[in-house]
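Values below: every heavy atom of this structure, side chains too, minus hydrogens, waters and symmetry copies. Note that the structure is a prediction, hence the values are computed from the model and not measured.
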Amino acid sequence: MTDASTLPGQPRGQVLSGPATERAVNVLAPNASAMTLDGTNTWIVAEPDSELAVVIDPGPLDDGHLRAVVDTAEKAGKRIALTLLTHGHPDHAEGAARFADLTGTRVRALDPALRLGDEGLAAGDVITVGGLELRVVPTPGHTADSLCFHLPADRAVLTGDTILGRGTTVVAHPDGRLGDYLDSLRRLRSLTVDDGVHTVLPGHGPVLEDAQGAVEFYLAHRAHRLAQVETAVEDGYRTASQVVAHVYADVDRSLWPAAELSVRAQLDYLSEHGLI
């Protein structure tokens, strides 16, 4: 068995519903798949002595899961006062409107189409609820509307799909762009270096104890894949599907459609920079 401390980001172990930090509690959605790993992590965050809580990514439109999120908060003596979205993919956001009905909350997101209420989210926003402070960090790349939330009091960052607890994420071309994603990873690295962030609370997979190690792994992985794609094109593999079959030959074929999105983003990046 591999020691978790030797894995990228030092994953905590199994993905479980329950407390992850002093202020963050996970409620795992029952939507496990090759793409969603163990399922979507729905995060309840609150100050320990506050009656108010914030929910990040209600998850899929699954009434049992949405009610479980409400029940978890209520059992802790908290009322959900606000719902936030890291991005608009259905496994994170499809249940948001129903969740808003259950809780009477507004839904704030970067994409206006996902909002319920007048307020959105933007770079530099600081959200305060019941003494809790969350800072909005723009992290486009996985999707154009991807955001992370910095939780300074726990020295943690909630990353949605920008960094996963296991494996690597997809640059969802054409909405996602590789150049944006690399910039976002560097932005997260600055949080680990300059702001002391050490814990990643991801949208899927286990909590990561070594945020800087996770970011460095992601940057190195992207550089390696980009070099592989560039070499594949030089060797005559021209289409995205051809590149995937060559470069991702050791990856489960069920993941090839997602890999093709990332390859298309990489091909665009290489073309834009005059490398192919």
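Tested against His87 for a side-chain hydrogen bond (donor to acceptor under 3.5 Å, both in side chains), the candidates Asp175, Asp111, Asp145, Asp161 yield a single pass: Asp161.
Listed for the Thr40 side chain is no donor-acceptor partner under 3.5 Å among the backbone atoms of His92.
For Glu51, the CD atom counts as loosely surrounded, since its 6.0 Å shell holds 12 or fewer non-hydrogen atoms of other residues, nucleotides or ligands. Around the CZ atom of Arg238, the shell of radius 6.0 Å holds more than 12 heavy atoms that belong to other residues, nucleotides or ligands. Environment of CZ in Arg177: sparse, with no more than 12 heavy atoms of neighbouring residues, nucleotides or ligands closer than 6.0 Å. Within 6.0 Å of CD in Glu234 there are more than 12 heavy atoms belonging to other residues, nucleotides or ligands. With a 6.0 Å radius and a threshold of 12 heavy atoms from other residues, nucleotides or ligands, Asp235 has its CG atom above the threshold.
Here the shortest heavy-atom pairing between His204 and Gly39 reads ND1-O, 3.0 Å. Closest heavy-atom contact between Tyr218 and Thr162: CE2-O, 3.6 Å. When every heavy atom of Arg189 is checked against every heavy atom of Leu219, the shortest pair comes out as NH1-CD1, 3.5 Å. Nearest heavy-atom pair, Thr86 versus Gly160, reported as atom, atom and distance to 0.1 Å: OG1-CA, 3.7 Å. For the residue pair His65 and Pro30, the shortest heavy atom distance occurs at CB-CD, 3.8 Å. The two residues Ser17 and Leu28 make their nearest non-hydrogen contact at OG-N, 2.9 Å.
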Derivation of the side chain to side chain donor-acceptor pair (under 3.5 Å) call for Ser146 and Thr139: CA-CA 5 Å; Ser146 287; Thr139 51; 5.4 Å; no
Asn41/Asn26 under side chain to side chain donor-acceptor pair (under 3.5 Å): CA gap, chis, key distance, verdict: CA-CA 6 Å; Asn41 295 329; Asn26 182 34; 3.1 Å; yes
Evaluate side chain to side chain contact (heavy atoms under 4.5 Å, CB included) for Arg108 paired with Asp125, printing each intermediate quantity in order. CA-CA 11 Å; Arg108 293 180 63 180; Asp125 283 354; 3.7 Å; yes
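With contacts defined as side-chain heavy-atom distances shorter than 4.5 Å, the pair Val15/Leu37 does not qualify. Side-chain contact check for Leu151 versus Leu134: some heavy-atom pair is nearer than 4.5 Å.
The pair Arg264-Glu260 meets the salt-bridge criterion, with a side-chain N (NZ, NE, NH1 or NH2) lying under 4.0 Å from an Asp/Glu carboxylate O.
Ring planes of His246 and Tyr237: parallel class, angle under 30° (limits at 30 and 60°).
For Arg225 and Tyr248, the positive end sits near the middle of the six-membered ring, less than 6.0 Å away and at most 45° from its axis.
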